[in-house]
Amino acid sequence: MAVSFNELVYTLVRAIPYGRVLSYGRVADLLGVPHGARAVGWALHNLGGTEPTVPWHRVVNVRGRVSIKGSPEAAMEQRLRLESEGVEFGEDDTLDMRRYLWTPTLAEVEEILRAAHGSADGGDAM
DNA sequence: CAATTGACTTGAT
DNA sequence: TATCAAGCCAATT
């Protein structure tokens, strides 16, 4: 059975370092889906915010702002968790992406996925 | 298989 | 700078 896309999302989110954040679009891009931002958001939505093994709070939108809808409490919890990790929000409720955005190399991401699922897509034939 | 939805992103007005 | 619309992907029904 192939690994579901959302599982890949969870794996990568779990690899986000403390005090760092990632945008939905960046997660999708690192997973090999440049325009899969919505799919990433959908995957995290499926967590229901009840999954302590996934630091879902470290994923914000490209503007550096909490993007949760339908659950103001979850959004505030996300912000509180980030602040607890040293992330500072501006007066526009936005954080400085240039400072907190995690920018791993593609090799790092592939290594993480391989360690968790045994093999990344690694679609290139040799 | 087609239609709908959603924690997104980008470009135009 | 703010608001609106279209594009995009994966999962659900």
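Numbers restart at 1 for each chain; the letters A, B, ... are given by sequence-line order, proteins then strands.
One can place OH of A:Tyr24 at 17 Å from C1' of B:dT10, the figure rounded to the nearest angstrom. Rounded to a whole Å, the CZ atom of A:Arg81 is 18 Å from the P atom of B:dA7. The distance from atom CG of A:Asp92 to atom C1' of C:dT1 is 11 Å, rounded to the nearest whole Å. Look at CE on A:Met76: it is 18 Å from P on B:dA7, rounded to the nearest Å. The distance between atom CG of A:Leu30 and atom P of B:dT9, rounded to the nearest whole Å, is 13 Å.
Side-chain N or O atoms of A:Thr105 include one that pairs as donor or acceptor with a backbone N or O of A:Glu108 at under 3.5 Å. The closest donor-acceptor contact from the side chain of A:Asp92 to the backbone of A:Thr94 lies at 3.5 Å or more, if one exists at all.
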Summarise how protein sits on nucleotides 8-13 of chain C as a single string, 5' to 3': B when a protein heavy atom is under 4.0 Å from the base, S for sugar-phosphate-only contact, - for no contact.
BBSSS-
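At the heavy-atom level, A:Ser71 lies nowhere under 4.0 Å from the strands shown.
The existence of a salt bridge linking A:Arg79 and A:Glu83 is confirmed by a sub-4.0 Å separation between a basic side-chain nitrogen and an acidic carboxylate oxygen.
Pairing each heavy atom of A:Met97 with each of A:Ser23, the nearest pair is CE-CB, 4.1 Å.
Look at B:dA7: it lacks any Watson-Crick or wobble partner with both distances under 3.5 angstrom.
Annotation: cation-pi geometry not satisfied between A:Arg38 and A:Tyr24 (NZ/CZ under 6.0 angstrom from ring centroid, within 45° of ring axis).
Results of the side-chain contact (heavy atoms from CB on, under 4.5 Å) test with A:Ile16 over A:Val54, A:Val21, A:Val59 single out A:Val59 as the only residue that passes.
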